[in-house]
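All ligand and atom numbering here is 1-based and tracks the order in the structure.
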Amino acid sequence: MINSKKQLAIALSGLQVFTDADIRLEQYPTDSEVAAEVLWFAQQNGDIEDKIIADLGAGTGVLGIGCMFFEPKKVIFVEKDKKAIKILEENLFELQPKIKSKTIHSDIMDFNEKVDLIIQNPPFGVKNRKADKPFLEKAFSVADVIYSFHKPESKKFIDTISKENKFDITNYFEFDFPLKQTMKFHKKRITRIRVGCWRMERKA
Ligand code: SAH
């Protein structure tokens, strides 16, 4: 049982992350404290319990697995990188959650199931500009509530695209996001970047 944000962060910090990150896919895991902050809010807000949830670009699974502590109906992981999926599956095996789940090895573009909630930390488009745009478009088309991580500089873009898709931005969180040295070109052991998380909800 998880009874506090701190406990959640500790549980998530025990998960395995990418061993050999793929720069083109901008693979880096959501920091466990940051994930705990957002997921704790989401469960308090009634966005997780009994919901069907999809984690797009799930990577090693921290966001979707984090949801599993709060009694969702089902969690679907969508990830196109086989190596990430292997780690995700090991994480699930270690945890043995009682929650129903499904792991789909595909591009998010091929995912078309209707869900209640999308939670995603997609590539920010540092390497490929606007890499996060298809993630947002997919989320708008399949879900009613979305938690999505982006660079704070994307604020205008997200204001516009959410409006175009008839979603309201209900909450915004901003963090100092530690990027541990998983990629060869990062010189310092930990660099920090600012990251925002937007909660969006389909207009009634
Ligand atoms: N959501 C995870 C991983 C973030 S890194 C976490 O929060 O820890 C972004 C992930 O998106 C990577 O694992 C990458 O392989 C995946 N990805 C990038 N483009 C994708 C696409 N088009 N379809 C599916 N997965 C994709």
Side-chain angles (χ1 to χ4, degrees), residues 8-9 11-42 48 53-69 75-92 94-95 101-113 115 117-143 146-151 154 173 175-183 186 190-191 193-199:
L8 179 61
L12 296 178
S13 71
L15 296 174
Q16 289 189 65
V17 295
F18 303 105
T19 45
D20 180 19
D22 186 327
I23 291 169
R24 279 159 307 144
L25 294 174
E26 291 186 41
Q27 292 184 323
Y28 42 82
T30 305
D31 172 66
S32 46
E33 304 262 341
V34 171
E37 193 75 39
V38 170
L39 292 170
W40 189 259
F41 174 88
I48 298 181
I53 299 171
D55 179 352
L56 301 186
T60 49
V62 59
L63 296 175
I65 290 173
C67 290
M68 289 178 150
F69 291 105
V75 177
I76 305 168
F77 299 92
V78 186
E79 168 61 52
K80 72 175 178 187
D81 180 51
K82 219 178 178 155
K83 281 188 286 182
I85 290 202
K86 190 164 170 283
I87 301 172
L88 196 167
E89 282 176 341
E90 285 171 14
N91 280 332
L92 285 173
E94 279 296 311
L95 219 65
S101 74
K102 175 160 86 173
T103 304
I104 304 178
H105 178 207
S106 81
D107 196 290
I108 57 125
M109 295 314 287
D110 300 324
F111 177 72
N112 289 306
E113 294 178 42
V115 297
L117 174 76
I118 290 281
I119 184 148
Q120 60 183 12
N121 181 3
F124 293 159
V126 177
K127 291 281 152 195
N128 310 305
R129 248 187 105 244
K130 295 265 168 78
D132 43 2
K133 190 173 178 212
F135 277 79
L136 281 166
E137 287 172 340
K138 179 55 73 179
F140 292 135
S141 75
V142 299
I146 301 166
Y147 286 79
S148 195
F149 288 83
H150 305 272
K151 287 189 297 185
S154 303
F173 314 82
F175 305 101
D176 255 335
F177 199 97
L179 284 185
K180 311 234 162 59
Q181 191 184 37
T182 50
M183 294 180 193
H186 288 147
I190 297 186
T191 40
I193 56 165
R194 295 295 288 172
V195 169
C197 179
W198 280 256
R199 182 187 182 278

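Within the structure, the closest approach of D107 to ligand 1 falls below 4.0 Å when heavy atoms are considered. Using a 4.0 Å cutoff on heavy atoms, F18 counts as a contact of ligand 1.
Residue contact check: Y28 has heavy atoms under 4.0 Å from atoms 3 (C), 4 (C), 5 (S), 8 (O) of ligand 1. Ligand-side atoms of ligand 1 in range of Q27: 5 (S), 12 (C), 13 (O), 14 (C), 15 (O), range being under 4.0 angstrom from any heavy atom. Taking every heavy atom of V62 and a limit of under 4.0 angstrom, the matching atoms of ligand 1 come to 6 (C), 7 (O), 8 (O). Each of the atoms 7 (O) of ligand 1 lies under 4.0 Å from some heavy atom of L63. Shown in contact with P29 at under 4.0 Å from a heavy atom are these atoms of ligand 1, numbered in order with element: 8 (O).
In terms of protein heavy atoms, atom 2 (C) of ligand 1 is closest to A58 O, 3.2 Å. The single protein non-hydrogen atom nearest to atom 13 (O) of ligand 1 is E79 OE1, 2.7 Å, given as residue, atom name and distance. In terms of protein heavy-atom proximity, atom 9 (C) of ligand 1 is closest to N121 O, 3.7 Å. Looking at atom 25 (N) of ligand 1, its nearest protein heavy atom turns out to be K80 N, 3.4 Å. In terms of protein heavy-atom proximity, atom 17 (N) of ligand 1 is closest to F135 CZ, 4.0 Å.
A donor-acceptor pair is defined here as one N or O able to donate and one able to accept, closer than 3.5 Å; such a pair exists between the side chain of N91 and the backbone of Q16. In this structure, the side chain of D55 does not engage the main chain of V75 through any donor-acceptor pair within 3.5 Å.
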Assess whether side-chain contact (heavy atoms from CB on, under 4.5 Å) is satisfied between F173 and E37, documenting all intermediate values. CA-CA 9 Å; F173 314 82; E37 193 75 39; 5.5 Å; no

Would you please test V62 and V17 for side-chain contact (heavy atoms from CB on, under 4.5 Å) and show each step? CA-CA 8 Å; V62 59; V17 295; over 6 Å; no

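For atom 8 (O) of ligand 1, the candidate residues are D31, V34, T30; the nearest heavy-atom contact is made by T30. Remark: among candidates S106, G57, P123, A35, the nearest residue to atom 1 (N) of ligand 1 is G57, based on non-hydrogen atoms.
Closest approach of E79 and A58 over heavy atoms only: OE1-N, 3.5 Å. Pairing each heavy atom of L63 with each of Q120, the nearest pair is CD1-C, 4.0 Å. Scanning both residues, S101 and F77, for their nearest heavy atoms gives CB-CE1, 4.1 Å. Summarising the geometry of A84 relative to Q27, their closest heavy-atom pair is CB-NE2, 4.2 Å, with the distance given to 0.1 Å. When all heavy atoms of L8 and W40 are compared, the pair lying nearest together is CD2-N, 4.3 Å.
Ligand 1 has a nitrogen or oxygen under 3.5 angstrom from a nitrogen or oxygen of I108.
Note on ring orientation: taking the six-membered ring where Trp is involved, the planes of F124 and F177 are perpendicular (angle over 60°, cut-offs 30° and 60°).
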